[in-house]
Peer 1: 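Sharing a structure below in structure tokens format, with a few things to ask.
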Number of protein chains: 2
Amino acid sequence: MSIARAGVAGSKPRIQVTRTGVSTARLPAASVRLPLNEILVGDCVAELGKLPAASVDLVFADPPYNLQLEGALSRPDQSVVDAVDDDWDKFASFSEYDRFTRDWLTAVRRVMKPEATIFVIGSYHNIFRVGTILQDMGFWILNDIVWRKANPMPNFRGRRFTNAHETMIWAGRSAQTKAYTFNYETLKAGNNDCQVRSDWFLPICTGAERLKDAQGRKTHPTQKPEALLARIIMSASKPGDVVLDPFFGSGTTGAVAKKLGRDFIGTERDAVYAKAARARIAATEPLPDDAVNAPPAKRSEPRVAFASVVEAGFISAGETLVDDKRRFKAVVRADGSLLMSGIVASIHKAGALAQGLPACNGWVFWNVERNGKLVSIDDMRGTIRAQMKEAAE
Amino acid sequence: MSIARAGVAGSKPRIQVTRTGVSTARLPAASVRLPLNEILVGDCVAELGKLPAASVDLVFADPPYNLQLEGALSRPDQSVVDAVDDDWDKFASFSEYDRFTRDWLTAVRRVMKPEATIFVIGSYHNIFRVGTILQDMGFWILNDIVWRKANPMPNFRGRRFTNAHETMIWAGRSAQTKAYTFNYETLKAGNNDCQVRSDWFLPICTGAERLKDAQGRKTHPTQKPEALLARIIMSASKPGDVVLDPFFGSGTTGAVAKKLGRDFIGTERDAVYAKAARARIAATEPLPDDAVNAPPAKRSEPRVAFASVVEAGFISAGETLVDDKRRFKAVVRADGSLLMSGIVASIHKAGALAQGLPACNGWVFWNVERNGKLVSIDDMRGTIRAQMKEAAE
DNA sequence: AGCTGACATGAATCCAGGG
DNA sequence: TCCCTGGATTCATGTCAGC
């Protein structure tokens, strides 16, 4: 409250980028200076305790997920998955994880301005505990947001659904947080004049964006994509705002904040991560004022499962599909697979099997009879595609 | 355990639909009869207490979440600024919801078979508390699944992202629940031969599917779409399984279970909902067997020893096996083991050894030459399996 | 330069059954 | 209960070598 920073309160905030990625100065608790655009190396609870209260506008937190992995996992080609087995992700019990969570959330909450909001990201291993503690502490949940990964790791053993998303909780500091920043109009304008939904479709961080060490190994096991942070910062902050990331890691939050004309504060326990993040941010240039926009999400024809054609009611389970010349037929099962001569297969496999060919496009091969005429299932796919496109990716 | 039902154990389960939606009989605790395809009117904890333990295969639960939290959420907080007092206030009402959740989950858990799984659906208002309690009680989360709504209600005030999804948690009864049902192969076949992800795109329940009363008002405020339940039941149960829904509501679970050849048990406090659900289910017809039943998945096929391939005369002892590219060879011994470079090993071990890999499926690795062409030993296994099936019938 | 195919890899609670 | 073994199992994307 009392920690006003020159140039922030006004309607035209000025962007301050002070010695980005250079200082690790520890501040006495009484100081009023905010260590902007710096990475404080140390435990976030301790480091945040040195900052003045009510001084940040937005928080992004990517805490350890407590994955509880046991043993190794191999791909079908026998290669071994490089799992997250770092010490920082190990907790003795759920209650220890809960205590850890409550501690850092308490420290973070103190430095949040009354109208600040926080995003916390997690997976099913930890996000339910984070959400419960947020509620218990009096944070006010505004949305839960799903990051749908364009290219998730598959489930190699076929025992579960592909774990293809992570969850973010967006919450206000309290139920009284009403005047939080939400750039509704600009978000809508950038989304075909359509409100942005709570499910976001984005690729994971790979390629040139992924930080590597001298040996070519990934610097950080869980580096988040810049596009994700860009959406968050664009949605819930203004230029000149201060964005805090208590688990700074490889520095995605800092790099994107700098690009988008926001200030950042980071805390990070691991000096190696902090050093890499500083170098990354130093090499990052702010975008020109008028070019502040999220990178466009890739778009292609959405893939439609034949199961959706059944689910949408175009075809009922138990109906029969036939080819153009009605030489072959197959029964539609409730799960969208086909039953043909005692074999369950996809529309593609069944079409190939029927013709004795190695492959077949089931969408154009199969038809269903309607009023004595054949209707292609491909037409039904077209209708569903249109619907999916509306639910913008 | 002891609640065997005629017609379920065999390989061709027969669908029993006993007096669907007619009886509300209360069962004494000592009874062993399971009230299949009935709706028990009353509180789920009380009603489930009358059922024998370990008697259901799958649970779908759509618990209430708005009313319990309403009091806490709408309470104006003008009293104290001190965060600790805030917390106490909130904790009181959240803890009431937590107790409710723990109670019904305890009752449900008792009637779950050891290898049963449970789906719970909720929104950000309650799902984090449900998830935390599931974990604390020892349930083992398999996936969190996002239902992406094709047609969600927009956010009218433009202060948040469109709340376009709900979250389901899929969990095993305990961490020891390993042999749960997951119909991986047929699901994949219905999805373009691609494994199904944790985000499902489905329309909300509208139109003719939505139950209406005589005045045309919707019977139930949160009726779930049948397509959602169909996916759940097709994914995680077999024909003839017993599906429990402790918050039966408008009866979507029962209607879909009947369609898909599963039995159901429902509990519902509201007699009006129960009556509407009974009528709905009575008007529902089961799908033909072809649309529902599947041949056994690959991993549940009976094991065949390579020795029996030799014994059956498909291969003679002393013959040579080779891989696809004829780079490796091994001699078949009379006992079904292989001799390769002076080492005796199983077909799997020999294949792994040859390639320098930790493991190998010898059935698909090795071939034998017949008339100048390679024949896979896996084909011989298929023939033997077919013979085994004939003999079993 | 541009195409093709082999190879690498990502927050993962990833097997079942017999001795 | 632990240990051992049979044998079932992957999608999207990026890099790089080879032509």
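Letters A, B, ... are given to chains in the order of the sequence lines, protein chains preceding strands, and every chain is numbered from 1. Just so it is clear, the values below take in all heavy atoms, side chains as well, and ignore hydrogens, waters and symmetry mates.
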Peer 1: With a non-hydrogen cut-off below 4.0 angstrom, is B/Ala359 in contact with a base, only sugar-phosphate, or nothing?
Peer 2: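 Since a base atom lies under 4.0 Å of B/Ala359, the category is base.
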Peer 1: Classify A/Trp147 by what it touches in the nucleic acid, base, sugar-phosphate, or nothing, heavy-atom distance under 4.0 Å.
Peer 2: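 A/Trp147: no heavy atom of the nucleic acid under 4.0 Å.
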Peer 1: Should the ring pair A/Tyr97 and A/Phe91 be called parallel, tilted or perpendicular, given that the plane angle runs from 0 to 90° and is split at 30 and 60?
Peer 2: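 Perpendicular: the ring planes of A/Tyr97 and A/Phe91 meet at over 60°.
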Peer 1: For A/Pro225, which contact category applies under a 4.0 Å heavy-atom criterion: base, sugar-phosphate, or nothing?
Peer 2: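 Nothing, no heavy atom under 4.0 Å.
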Peer 1: So which nucleotide from C/dT9, D/dC11, C/dT13 ends up closest to the side chain of A/Phe94?
Peer 2: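 Nearest nucleotide to the side chain: C/dT13.
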Peer 1: Does OP1 or OP2 of D/dC11 have a side-chain N or O of A/Arg75 closer than 4.0 Å?
Peer 2: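 Looking at the OP1 and OP2 atoms of D/dC11, neither is under 4.0 Å from any side-chain N or O of A/Arg75.
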Peer 1: What nucleotide, of C/dA11, C/dC14, C/dA12, holds the atom closest to the side chain of A/Tyr124?
Peer 2: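 The closest nucleotide is C/dA12.
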Peer 1: If each of A/Gly158 and A/Asn151 is mapped to the nucleotide of DNA chain D with the nearest heavy atom, which maps nearer the 5' terminus, i.e. the 5' end?
Peer 2: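 First, find each residue's nearest nucleotide; the 5'-ward one identifies A/Gly158.
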Peer 1: Looking at B/Asp144, B/Asn143, B/Asp199, which hits side-chain hydrogen bond (donor to acceptor under 3.5 Å, both in side chains) with A/His165?
Peer 2: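 Checked B/Asp144, B/Asn143, B/Asp199 against A/His165; only one passes side-chain hydrogen bond (donor to acceptor under 3.5 Å, both in side chains): B/Asp144.
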Peer 1: Please check if any side-chain donor atom of B/Asp193 sits under 3.5 Å from a side-chain acceptor atom of A/His348, or the reverse.
Peer 2: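 No, no side-chain donor-acceptor pair sits under 3.5 Å.
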Peer 1: By nearest heavy atom, map A/Thr206 and B/Gln135 onto DNA chain C; which one lands nearer the 5' end?
Peer 2: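 Nearest nucleotide further toward 5': that of A/Thr206.
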Peer 1: Please determine, for the side chain of A/Ala83, which listed nucleotide (C/dA12, C/dC14, D/dT10) has the closest atom?
Peer 2: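 From the listed options, C/dA12 comes nearest.
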Peer 1: What is the distance, rounded to the nearest whole Å, between atom CD of A/Gln78 and atom P of C/dC7?
Peer 2: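 These atoms are roughly 15 Å apart.
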Peer 1: Would you classify B/Leu142 as touching base, sugar-phosphate or nothing, given that sugar-phosphate means primed atoms plus P, OP1 and OP2, and contacts are heavy atoms under 4.0 Å?
Peer 2: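 Counting heavy atoms under 4.0 Å across all strands, no contact is made by B/Leu142.
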Peer 1: Take atom CG of A/Asp85 and atom C1' of C/dC14, then tell me their distance rounded to the nearest Å.
Peer 2: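 After rounding, the gap between these two atoms is 17 Å.
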Peer 1: Select one nucleotide: of C/dA11, D/dC11, C/dT13, the one nearest the side-chain heavy atoms of A/Lys224.
Peer 2: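 So the side chain of A/Lys224 is nearest to C/dA11.
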Peer 1: Is the Lys NZ or Arg CZ of A/Arg159 less than 6.0 Å from the centre of B/Phe182's six-membered ring, within 45° of the axis?
Peer 2: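 Pair A/Arg159/B/Phe182 does not count as cation-pi.
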Peer 1: Is the base of C/dT13 syn or anti, where syn means the angle lies within 90° of 0?
Peer 2: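 Syn, since the glycosidic angle lies within 90° of 0.
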Peer 1: Taking atom types as modelled and ignoring hydrogens, do the side chains of A/Tyr273 and A/Trp88 form a donor-acceptor contact shorter than 3.5 angstrom?
Peer 2: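 Side-chain D/A pair, A/Tyr273 to A/Trp88: present.
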Peer 1: Identify whether any heavy atom of A/Asp62 sits under 4.0 Å from a base atom; if not, whether one sits that close to sugar-phosphate; answer base, sugar-phosphate or nothing.
Peer 2: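 The answer is base, as A/Asp62 lies within the cut-off (heavy atoms under 4.0 Å) of a base atom.
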Peer 1: Round to the nearest Å and state the distance from A/Asn155 atom CG to D/dA8 atom P.
Peer 2: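 So the two atoms are 17 Å apart, to the nearest Å.
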Peer 1: For this output row, return yes or no: ring centroids of B/Phe60 and B/Trp170 closer than 6.0 angstrom.
Peer 2: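 No, the ring of B/Phe60 stays outside the 6.0 Å limit from the ring of B/Trp170, centre to centre.
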Peer 1: For D/dA12, take OP1 and OP2 only and decide whether either is under 4.0 Å from a side-chain N or O of A/Lys149.
Peer 2: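 Checking A/Lys149 against D/dA12: no side-chain N or O falls below 4.0 Å of OP1 or OP2.
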Peer 1: For the residue pair A/Phe161 and B/Trp200, does the interplanar ring angle fall in the parallel (under 30°), tilted (30 to 60°) or perpendicular (over 60°) class?
Peer 2: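 Geometry flag for B/Trp200 against A/Phe161: perpendicular rings.
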Peer 1: Using a 4.0 Å heavy-atom cut-off across all strands, classify A/Arg160 as base, sugar-phosphate, or nothing.
Peer 2: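 A/Arg160: base contact, heavy atoms under 4.0 Å.
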Peer 1: Rounded to the nearest angstrom, tell me the gap between atom CG in A/Leu67 and atom C1' in C/dG10.
Peer 2: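 Rounded to the whole Å, the gap is 13 Å.
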Peer 1: Nearest to the A/Pro76 side chain among C/dA11, D/dT10, D/dT5, which nucleotide is it?
Peer 2: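 For the A/Pro76 side chain, the nearest candidate turns out to be D/dT10.
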Peer 1: Which is more 5' along DNA chain D, the nucleotide nearest A/Gly207 or the one nearest A/Ser74? Just name the residue.
Peer 2: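 The residue closer to the strand's 5' end, by nearest nucleotide, is A/Ser74.
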Peer 1: For DNA chain D, write out the stems as range with range, using runs of 3 or more consecutive Watson-Crick or G-U pairs with both distances under 3.5 Å.
Peer 2: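 Correct response: C:2-10 with D:11-19, C:15-19 with D:2-6.
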Peer 1: Considering only D/dT10, C/dT13, D/dG7, which nucleotide approaches the side chain of B/Arg303 most closely?
Peer 2: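 Of the candidates, D/dG7 comes closest.
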Peer 1: Identify which nucleotide among D/dT5, C/dA12, D/dA8 has an atom closest to any side-chain atom of A/Arg157, counting heavy atoms from C-beta outward.
Peer 2: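 Between D/dT5, C/dA12, D/dA8, the one nearest the side chain of A/Arg157 would be D/dA8.
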Peer 1: Is the distance from the ring center of A/Phe247 to that of A/Trp104 below 6.0 Å?
Peer 2: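 Centroid separation for A/Phe247 and A/Trp104: below 6.0 Å.
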Peer 1: Could you state the CG-P distance from A/Asp86 to C/dA11, rounded to the nearest angstrom?
Peer 2: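 For the pair A/Asp86 CG and C/dA11 P, the rounded distance is 12 Å.
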Peer 1: Roughly, in whole Å, what's the span from CG in B/Leu187 to C1' in D/dT10?
Peer 2: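 In whole Å, D/dT10 C1' and B/Leu187 CG are 16 Å from each other.
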Peer 1: Calculate the interatomic distance between B/Phe306 atom CZ and D/dG7 atom P; express it in whole Å.
Peer 2: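 Roughly 11 Å, once rounded to whole Å.
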Peer 1: Which nucleotide, D/dT9, C/dA16, D/dA8, lies nearest any side-chain atom of B/Tyr184?
Peer 2: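 Ranking D/dT9, C/dA16, D/dA8 by closest atom to the B/Tyr184 side chain puts D/dT9 first.
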Peer 1: Would B/Arg381 pass as a cation-pi partner of B/Phe314, given that its NZ or CZ must be under 6.0 Å from the six-membered ring centre and within 45 degrees of the axis?
Peer 2: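 No, B/Arg381 does not sit over the ring of B/Phe314.
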Peer 1: State which of C/dT9, C/dG10, D/dT9 makes the closest approach to the side chain of A/Ser79.
Peer 2: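 Selected nucleotide: C/dT9.
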Peer 1: Within this structure, what is the CG-to-P distance between B/Asp378 and D/dG7, rounded to whole angstrom?
Peer 2: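 One finds 10 Å between P of D/dG7 and CG of B/Asp378, rounded.
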